[in-house]
*Asks:* 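Right, I'll just put the structure down here and ask away after.
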Amino acid sequence: MYLSGLVLAGRRVLVAGGGRVAARRVPALLEAGAVVHLVAPELAPELAALAATDRLAWSQRAVRESDCDGVWLVLALTDEPEANAMLAAAAESQRIFCVRADAAEGGTAWTPATGRVGDLHLGVVSGSGPRTAARARDVAVWSLTGDPDVDAPAGWVTLVGGGPGDPALLTDGGRRAVRAADVVLYDRLAPLAVLAEAPPGAELVDVGKVPRGRHTPQEAINDLLVQHAQAGRRVVRLKGGDSFVFGRGGEEAQACTAAGVPVRVVPGVSSAVAAPALAGIPVTHRTLSQGFTVVSGHVPPGDPRSDVDWVAHARSRTTLVILMGVANLDTICRTLQEAGLAPDTPVAVVTDAGSPQMRVLRARLADIAAVSAAAGVEPPAVTVIGEVAALNLL
Ligand code: SAH
């Protein structure tokens with residue numbers, strides 16, 4: 001293959017066939033200034049619209065050998081292999097380059113997957129087929145622009161924050177990424193209903209980490225992301241909330257970058273704000289709280305691995321939002337009280353926010369651990385501590 005760009009302005013080009021392929025090719029030919037003669041018994045609606053203008057000449061009939069006379073380029077795009085073969089032979093005998101839609105090897109020119117970035121015009125051809133070429137084009141365009149005109153680019157990892165669980169709380173960009181994915185790696189807090197919107201052939205991989213149960217180490221997930229992306233797939237990592245809020249999205253991004261795999265992020269609605277909101281609790285409220293802090297309760301206070309300053313939070317008059325705090329709720333509440341937070345500070349525990357099972361428990365700081373234990377609260381739950389937790393605005 002010898003790559004070159006054709007200057008077609010004012011030059012005649014024959015396009016045989018009026019279907020989907022022709023509808024994709026003709027606009028680019030016209031944009032290049034070619035004088036296009038379209039021959040087809042019927043036209044796709046986009047082509048019919050063009051043919052109704054004086055930009056496109058249309059002969060409503062089957063294509064003939066003589067249509068090749070005097071043209072610079074032939075595009076044999078009919079859905080009849082014999083007609084395309086006839087055109088290829090006619091073009092060959094007249095030394096006209098010919099693109100064949102049904103069998104690229106049977107033609108003398110190939111149409112590349114193209115992309116535009118400013119005044120750069122990218123074209124990719126591949127012996128492994130148009131899908132491979134299109135993927136390489138996607139990656140090239142992305143690396144030049146970072147511009148999200150591709151929902152889940154091939155060879156990239158797209159980290160999608162899925163929101164708290166309700167598919168309505170997945171962003172438009174996140175949903176489009178899932179719809180374009182070749183492979184979706186998800187865990188149990190992701191909005192699982194959205195998986196049904198992945199393309200029919202897409203591979204869906206549950207990498208969920210059930211607490212104290214089956215365990216997929218993070219490194220294994222990182223490896224999977226990298227391997228799928230390096231195989232040229234459109235990889236979507238779908239998880240609950242926002243990927244960079246206790247979602248280990250940061251580690252996944254680092255692993256991709258270290259392996260030379262390009263990575264992008266679609267931010268999500270974090271349960272840290274969504275769970276309180278759905279319970280009618282604003283995390284800030286004029287006169288009550290001028291800020292909020294989000295911490296993990298995964299590691300109990302006093303544990304050497306903990307880097308949360310609970311004493312400072314006890315003194316802060318702003319809202320405290322705790323994720324992953326169910327198991328340690330009792331210890332956390334006692335620590336806060338010992339550090340001076342009033343025992344009657346309002347607390348709300350919101351479980352399964354955004355799902356039909358959502359529950360909201362409210363109690364004083366002194367009582368909430370017992371109340372939620374009695375109610376059998378289980379993760380996932382968000383705990384809100386502070387004056388705003390007494391509000392129920394909905
Ligand atoms: N990246 C996620 C958080 C992951 S850590 C986010 O931004 O929301 C997991 C913790 O998130 C859970 O233990 C729980 O505290 C919280 N969580 C996630 N989804 C939740 C939901 N639907 N309802 C309540 N809490 C949720």
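For ligands, and for the atoms within them, numbers begin at 1 and follow the listed sequence. Quick caveat, the model's predicted, so the values are computed rather than measured.
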*Asks:* Using a strict cut-off of under 4.0 Å between a residue heavy atom and any atom of ligand 1, list the qualifying protein residues by chain and number.
*Replies:* Pro164, Leu189, Gly240, Gly241, Asp242, Val245, Phe246, Ser270, Ser271, Leu323, Met324, Val350, Asp352, Ala353, Pro380, Ala381, Val382
*Asks:* Check whether the side chains of Ser289 and Thr319 place a donor and an acceptor atom closer than 3.5 Å, and report yes or no.
*Replies:*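 Per modelled atom types, Ser289 and Thr319 side chains form a pair under 3.5 Å.
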*Asks:* Is there a side-chain contact between Leu47 and Trp58, using heavy atoms and a 4.5 Å cut-off?
*Replies:*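 With C-beta onward as the side chain, the pair stays apart.
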*Asks:* Donor-acceptor pair, distance only, cut-off 3.5 Å: does the side chain of Arg233 make one with the backbone of Val157?
*Replies:*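 No, the answer is negative, given that no donor and acceptor are paired below the 3.5 Å cut-off.
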*Asks:* Report the residues that fulfil side chain to side chain contact (heavy atoms under 4.5 Å, CB included) with Leu120, sequence neighbours left out, ordered by chain and then residue number.
*Replies:*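 Leu120 satisfies side chain to side chain contact (heavy atoms under 4.5 Å, CB included) with Val117, Leu144 once adjacent residues are dropped.
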*Asks:* Got a sec, which residues hit side chain to side chain contact (heavy atoms under 4.5 Å, CB included) with Pro267, two or more places apart in sequence or on another chain?
*Replies:*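 Pro267 satisfies side chain to side chain contact (heavy atoms under 4.5 Å, CB included) with Asp242 only.
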*Asks:* Go through the structure and list residues passing salt bridge (charged side-chain N to carboxylate O under 4.0 Å, His left out) with Arg362, not counting sequence neighbours.
*Replies:*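 For Arg362, no residue satisfies salt bridge (charged side-chain N to carboxylate O under 4.0 Å, His left out) once neighbours in sequence are set aside.
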